[in-house]
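So the structure is just underneath, and the comments pick up after that.
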Number of protein chains: 2
Amino acid sequence: MQNTEPLRRLNISEAVADTVRAMIVDGRLGPGERINEVRLSEALGVSRTPLREALSRLASEGALSATPAIGYSVRPLTVEEFEQVYAIRPLLDPEALRLAGLPSAAGLAKLEALNRRFIEAQDAETAITLDDDWHRALIAACPNKVLLEMIDAMILRTRRYEVALMRETPNRRVAGEDHERIMAALRAGDLPEACAALKHNMQTGFDPVVAWLTARAEAGAAA
Amino acid sequence: MQNTEPLRRLNISEAVADTVRAMIVDGRLGPGERINEVRLSEALGVSRTPLREALSRLASEGALSATPAIGYSVRPLTVEEFEQVYAIRPLLDPEALRLAGLPSAAGLAKLEALNRRFIEAQDAETAITLDDDWHRALIAACPNKVLLEMIDAMILRTRRYEVALMRETPNRRVAGEDHERIMAALRAGDLPEACAALKHNMQTGFDPVVAWLTARAEAGAAA
DNA sequence: CGACTCCATATTGTATACAGTATGCAAAAC
DNA sequence: GTTTTGCATACTGTATACAATATGGAGTCG
């Protein structure tokens with residue numbers, strides 16, 4: 001007998017997709033970088049066929065861009081696109097929280113623990129991961145799975161830029177206070193207030209990233 | 001010198017993805033149907049490699065589901081998922097309209113023409129296409145392209161079920177009146193009112209589809 | 001000295017071949 | 001008659017081979 005959960009796990013192209021996605025998200029493949037299929041497939045120890053299927057998936061997710069007869073390259077997120085993604089999350093996240101309802105005591109404790117670890121995290125990558133996890137845990141009980149998938153896709157899409165900013169200006173005070181305000185409303189049983197605070201967090205929390213990206217774009221177009 | 005726009009369109013796997021997507025959307029490949037890669041690749045006149053890349057894309061879009069060692073099958077949309085998708089559109093479409101702003105005279109004329117053709121359309125498929133086009137035209141001026149892409153993806157995802165319903169109960173009066181109410185607000189220069197009417201349209205316009213799907217699911221689980 | 005052309009090389013796009021696994025039928029056991 | 005077991009077949013998963021196109025540099029012309 002096998003476990004009921006990960007019954008089947010033999011899917012190279014899916015595993016490759018996860019690996020390459022991770023390489024993009026954490027910067028081992030930089031924005032704009034071209035993918036050499038032969039080299040990458042050898043590095044991953046697979047042939048080009050499953051790699052290309054993985055690349056095809058990633059292109060349709062928006063992580064890569066495909067140019068005929070030239071190949072795949074890591075799709076750089078422009079400032080505009082970053083702003084556009086973050087103009088959408090204030091619409092989705094608060095609704096997800098509203099549908100999720102007030103958290104259980106255990107759920108609240110988990111949120112508090114994640115936020116503590118977020119504030120105390122040493123490196124930028126861990127901090128962003130914990131921030132993302134906090135937001136996911138906040139809305140995990142939402143029954144609308146499609147909505148959760150969409151939010152998750154947006155988190156992945158913007159992650160590497162948040163990490164980049166956090167490296168340069170590792171200020172976690174504002175985000176931590178936003179989280180605290182939301183949790184306070186949840187503790188008080190005031191769901192609408194929590195949604196409003198979340199919306200505010202989504203609307204303003206990423207202004208520093210946008211500002212940083214803008215400055216960077218103006219400073220060196222060559223970079 | 002090259003054109004700035006789409007200079008060449010030689011991409012078999014992308015063309016195949018479009019073709020198969022169309023086959024799914026218009027029902028030539030029914031919900032739950034399994035994909036035989038050899039037969040389908042022969043029918044399309046290509047080999048399995050580009051077909052599989054296309055299938056991989058479609059799986060990541062949610063149109064197909066992939067089971068290891070078994071293959072791809074057309075992903076049936078459950079009633080729950082349909083409801084979830086349509087719980088999201090009232091969040092997105094009104095915001096897109098708000099960002100798009102009031103339409104030009106030409107834009108308004110186009111909307112009116114599309115709505116007339118929608119009401120008068122003979123077959124279900126044409127009607128739904130025109131309805132989709134109307135909604136796309138309504139928000140085409142929205143500068144947030146990410147938002148437009150997300151809405152477009154959701155339209156494609158639900159299309160075949162709308163067509164199926166329209167075939168059985170071809171009532172276009174309610175939708176036509178909803179459209180008319182939105183256009184009236186736009187003519188009057190009242191953008192907030194138009195957004196509110198659009199939100200209402202999105203919240204209630206698909207109740208018949210949900211009701212129909214629910215009845216169908218209860219009636220014959222075998223189908 | 002700069003720009004252009006042409007060719008060798010590298011890389012992508014597609015097809016085919018092979019291996020591993022599921023599927024369905026037939027025969028046998030209970 | 002029902003269930004089980006084994007096998008032949010079909011199909012998917014992956015690797016490899018081949019064709020078409022882009023890329024970069026050397027040589028040449030203005």
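- A salt bridge links B:R157 to B:E81: at least one charged side-chain nitrogen sits closer than 4.0 Å to a carboxylate oxygen.
- Neither side chain, B:D207 nor B:T204, offers a donor N or O lying under 3.5 Å from an acceptor on the other.
- Residues forming a side-chain contact (heavy atoms from CB on, under 4.5 Å) with A:R136 (at least two apart in sequence, or on another chain): A:D132, A:D133, A:D152, A:I155.
- Of the residues in residues 48-56 of chain A, those with a non-hydrogen atom less than 4.0 angstrom from any atom of DNA chain C are A:R48, A:R52.
- No option in A:L91, A:L99, A:D93 other than A:L99 meets the side-chain contact (heavy atoms from CB on, under 4.5 Å) test with A:E95.
- Side-chain N/O atoms of A:R52 and A:S41 include no donor and acceptor closer than 3.5 Å.
- Rounded to whole Å, the distance from CD1 on B:I12 to P on D:dA20 is 12 Å.
- No more than 12 heavy atoms of other residues, nucleotides or ligands sit less than 6.0 Å from atom CD of A:Q122.
- Distance, A:E42 CD to D:dT14 P: 18 Å, rounded to whole Å.
- No donor-acceptor contact under 3.5 angstrom links the side chains of A:S56 and B:S56, judged on distance only.
- The side-chain heavy atoms of A:H135 and A:L198, taken from C-beta on, include a pair separated by under 4.5 Å.
- Regarding B:E14, its CD atom lies at a distance of 16 Å from the C1' atom of C:dT14, rounded to whole Å.
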Could you list, one pair per line, each protein nitrogen or oxygen that sits under 3.5 Å from a nitrogen or oxygen of nucleotides 9-11 of chain C, together with the distance?
{"from": "C:dT11", "atom 1": "OP1", "to": "A:N36", "atom 2": "ND2", "distance (Å)": "3.1"}

